[in-house]
2 protein chains.
Amino acid sequence: MEQNTRQKLIDATYEEVYSHGYQGAALADILANAGVHKGSMYHFFPNKKEMALSAIKEKIAERFGTRYLAIAKGEGDYLAHFFEGLRDLKQRDFRRGCPVANIVQEMSNIDEDFNMAMKEIYAKFRQSVKIIFDKAVSAGELRSCDTAKLALFTTSALEGAILAAKASGETQDYLDCVECLISYIESYKHG
Amino acid sequence: MEQNTRQKLIDATYEEVYSHGYQGAALADILANAGVHKGSMYHFFPNKKEMALSAIKEKIAERFGTRYLAIAKGEGDYLAHFFEGLRDLKQRDFRRGCPVANIVQEMSNIDEDFNMAMKEIYAKFRQSVKIIFDKAVSAGELRSCDTAKLALFTTSALEGAILAAKASGETQDYLDCVECLISYIESYKHG
DNA sequence: GATGGTGTTGACTGTTTGGTCAAGTGGCAT
DNA sequence: ATGCCACTTGACCAAACAGTCAACACCATC
């Protein structure tokens with residue numbers, strides 16, 4: 001049962017932090033949702049902060065890794081698949097926003113450990129998008145260009161688009177932003 | 001002294017919330033920084049939340065109003081002035097990020113009153129950028145286009161750029177994003 | 001069947017939190 | 001000088017918080 005209890009804690013912590021932020025996450029709620037008692041939790045984690053950091057790293061790293069690297073590992077049509085993913089609303093929860101952005105905003109300037117963790121995750125996000133663009137250049141879908149910069153702009157515009165939809169409550173705002181972003185990326189088409 | 005005490009509270013609350021988020025803002029710290037006693041604060045505000053909402057509305061509304069509407073009220077060179085403002089690093093605090101985005105991320109899905117307040121501020125931001133673009137169209141700096149959509153993309157890409165710099169700690173990331181954004185906007189020039 | 005390690009239980013603690021309140025101060029009008 | 005009212009003071013409170021701990025259950029292995 002070891003792995004089971006630990007995993008229940010990781011899952012419940014991720015959900016609670018995603019919904020209420022780290023500072024708003026109540027240990028009592030996490031434990032209730034996980035169905036785990038307090039002392040049991042302190043057997044697996046030294047404190048709330050380490051549990052939250054573990055949850056963020058394990059849940060988000062896993063998610064980003066699969067979503068974007070799958071495209072890069074595919075065969076051709078890299079841009080088309082990437083754009084398709086951006087347009088797919090089922091992958092997004094606009095009410096809660098982006099889990100990475102939420103924690104960056106809340107914690108980066110407050111706590112050095114969170115700062116480092118989010119820096120790494122965000123860098124990995126940018127890197128995996130860059131790989132998609134590199135593949136697209138190799139495949140002749142894009143002309144040769146500064147793909148690192150393009151990935152930087154793409155990821156940040158995307159985070160901004162999710163934020164806009166969270167602020168206004170309008171999913172359409174996200175879609176409009178994504179169309180602008182796509183048309184910008186497409187201006188790098190043809191060699 | 002009435003206005004003085006109230007203003008000291010508004011200023012200290014804004015700083016504390018900007019630095020630590022709403023949920024991380026300790027009433028005791030706000031009071032210490034303002035040099036105001038607890039009972040005195042409860043004479044001016046019914047509770048912490050209302051004080052924070054007042055601080056956000058008064059401090060941010062004032063700030064956005066002046067910064068962007070000044071450009072629209074100017075004479076010509078609307079785009080150039082707007083771009084100049086985007087490139088001006090002195091106006092930004094990348095460690096703490098954007099005060100609007102921070103609170104949207106933290107509170108929009110938690111509290112309905114914050115949600116409404118931030119929705120309004122964000123809409124005002126978009127509106128004031130749209131006015132700049134409308135002026136630019138009238139002045140022949142841009143061709144006729146959907147300025148509301150362009151303002152939406154511009155504001156959200158900008159928020160994303162500030163977030164990217166906050167995450168990485170690199171001011172250059174913000175500048176790179178802004179250059180991409182500007183080149184996108186410039187694709188609407190002429191015609 | 002004793003031993004020991006892994007995991008569980010829930011009562012308990014000390015602090016910090018936002019919020020209350022009765023008593024007091026100072027200036028202004030009458 | 002008296003009464004009034006906006007404002008101040010700081011002690012006080014209940015609730016919520018993260019974290020501690022001694023006792024206990026289970027299941028190996030010897």
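First the proteins, then the strands, lettered A, B, ... as listed; each starts at 1.
- Shown here is A:Glu75, whose CD atom has no more than 12 heavy atoms of other residues, nucleotides or ligands within 6.0 Å.
- In this structure, A:Ser40 and A:Ala25 both approach DNA chain D, and ranking their closest nucleotides by distance from the 5' end singles out A:Ala25.
- Side-chain contact between B:Phe83 and B:Val178 is absent, with no heavy-atom pair separated by less than 4.5 Å.
- Residue B:Lys48 places its side chain closer to C:dG18 than to any other of D:dG19, C:dG18, C:dT8.
- The distance from atom CD of B:Gln23 to atom P of D:dC17 is 11 Å, rounded to the nearest whole Å.
- Here A:Thr5 reaches the OP1 or OP2 of C:dT8: one of its side-chain N or O atoms lies under 4.0 Å away.
- A sub-4.0 Å separation between OP1 or OP2 of D:dG10 and a side-chain N or O of B:His37 is present.
- Residue order along DNA chain D, read from the 5' end via each residue's closest nucleotide, puts A:Asp29 first among A:Asp29 and A:Gly39.
- Rounded to whole angstrom, the span from the CG atom of A:Leu9 across to the P atom of C:dG7 amounts to 12 Å.
- Atom pair A:Tyr42:OH and D:dG19:C1' shows a separation of 4 Å (rounding to whole Å applied).
- Listed pair A:Lys38 / C:dG10 fails the phosphate criterion, with no side-chain N or O lying under 4.0 Å from OP1 or OP2.
- Distances from the side chain of A:Phe44 to the nucleotides C:dT8, D:dT8, C:dG19 place C:dT8 closest.
- Considering only side-chain N and O atoms, B:His43 lies nowhere under 4.0 angstrom from the phosphate OP1 or OP2 of D:dT8.
- Cation-pi geometry between B:Lys48 and B:Tyr22 is met: the NZ or CZ atom falls under 6.0 Å from the ring centre, inside 45° of the normal.
- Looking at B:Met51 and B:Leu9, their side chains come closer than 4.5 Å, going by heavy atoms from C-beta outward.
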